[in-house]
Novice: 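Could you have a look at this structure, given as structure tokens, before my questions?
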Amino acid sequence: MEEKFIIAWAAAREKAAQLGVKMRPVDAADAMVAAHRALSGNRESDGFAALADKKHLELSLEALAIDKRFTALFSDEEANAALDRLLSAGYYG
């Protein structure tokens with residue numbers, strides 16, 4: 001499941017880049033650590049605000065974290081933080 005998440009996150013980041021949203025690169029080997037770090041902090045993930053402005057929050061880490069395919073990879077706290085951020089930005093999936 002982790003491998004599928006890493007592939008999905010990379011694909012989302014690539015689509016975001018095509019929209020002009022710049023994000024820091026994430027090495028596949030460190031992707032899960034980076035995702036957990038981003039979701040456990042108080043800040044939105046890299047590119048979140050730009051994706052919100054472009055109405056493409058489906059490409060955010062937060063949206064992937066609450067995707068039913070990947071919810072088992074994240075704690076309830078991480079998923080709740082992701083959902084709170086998305087809802088605060090007006091995203092309802």
Side-chain angles (χ1 to χ4, degrees):
M1 184 181 316
E2 282 185 13
E3 185 176 320
K4 289 182 180 182
F5 170 79
I6 292 166
I7 291 168
W9 194 18
R13 295 170 68 79
E14 188 173 308
K15 288 178 186 174
Q18 292 170 359
L19 294 170
V21 176
K22 299 201 184 261
M23 297 179 178
R24 281 178 239 114
V26 175
D27 183 57
D30 299 323
M32 291 308 302
V33 171
H36 288 295
R37 188 178 324 118
L39 293 171
S40 64
N42 292 326
R43 297 182 336 182
E44 300 161 342
S45 67
D46 193 24
F48 186 93
L51 288 169
D53 289 344
K54 293 183 180 285
K55 309 277 193 253
H56 281 286
L57 281 172
E58 75 278 5
L59 300 175
S60 69
L61 170 61
E62 286 81 355
L64 283 173
I66 64 166
D67 185 308
K68 63 183 177 181
R69 298 173 296 165
F70 307 122
T71 54
L73 295 173
F74 300 99
S75 69
D76 289 345
E77 292 81 12
E78 290 167 333
N80 287 335
L83 183 59
D84 286 346
R85 293 174 196 167
L86 290 164
L87 293 175
S88 292
Y91 178 78
Y92 300 100

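Values reported hereafter were calculated over all heavy atoms of this structure, with side chains retained and with hydrogens, waters and symmetry mates removed.
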Novice: Looking at every heavy atom in both E62 and S45, which two are closest together, and how far apart are they?
Specialist: OE1-OG, 2.6 Å
Novice: Can you tell me how far the OG atom of S60 sits from the CG atom of D46, to the nearest 0.5 Å?
Specialist: 11.5 Å
Novice: Given side-chain contact (heavy atoms from CB on, under 4.5 Å), test Y91 with E58 step by step and report yes or no.
Specialist: CA-CA 8 Å; Y91 178 78; E58 75 278 5; 3.6 Å; yes
Novice: At what distance, to the nearest 0.5 angstrom, does CD of E14 lie from CE of M23?
Specialist: 12.0 Å
Novice: Can you check side-chain contact (heavy atoms from CB on, under 4.5 Å) on K15 and L51, steps first, answer last?
Specialist: CA-CA 11 Å; K15 288 178 186 174; L51 288 169; over 6 Å; no
Novice: Nearest 0.5 Å, please: how far is CD in E78 from CZ in R37?
Specialist: 12.0 Å
Novice: Taking ILVMFWY side chains as joined if any heavy atoms are under 4.5 angstrom apart, and letting links pass through other members, which residues group with I7?
Specialist: none
Novice: Distance check, rounded to the nearest 0.5 Å: F48 atom CZ versus D53 atom CG?
Specialist: 10.5 Å
Novice: Where do A50 and V21 come nearest, in terms of heavy atoms and distance?
Specialist: CB-CG1, 3.8 Å
Novice: Who clusters with I6? Use side-chain heavy atoms, under 4.5 angstrom, across I, L, V, M, F, W and Y, and order the result by chain and number.
Specialist: M1, F5, W9, V26, M32, L39, L61, L64, F70, L73, F74
Novice: Can you tell me how far the CG atom of D84 sits from the CD1 atom of I66, to the nearest 0.5 Å?
Specialist: 10.0 Å
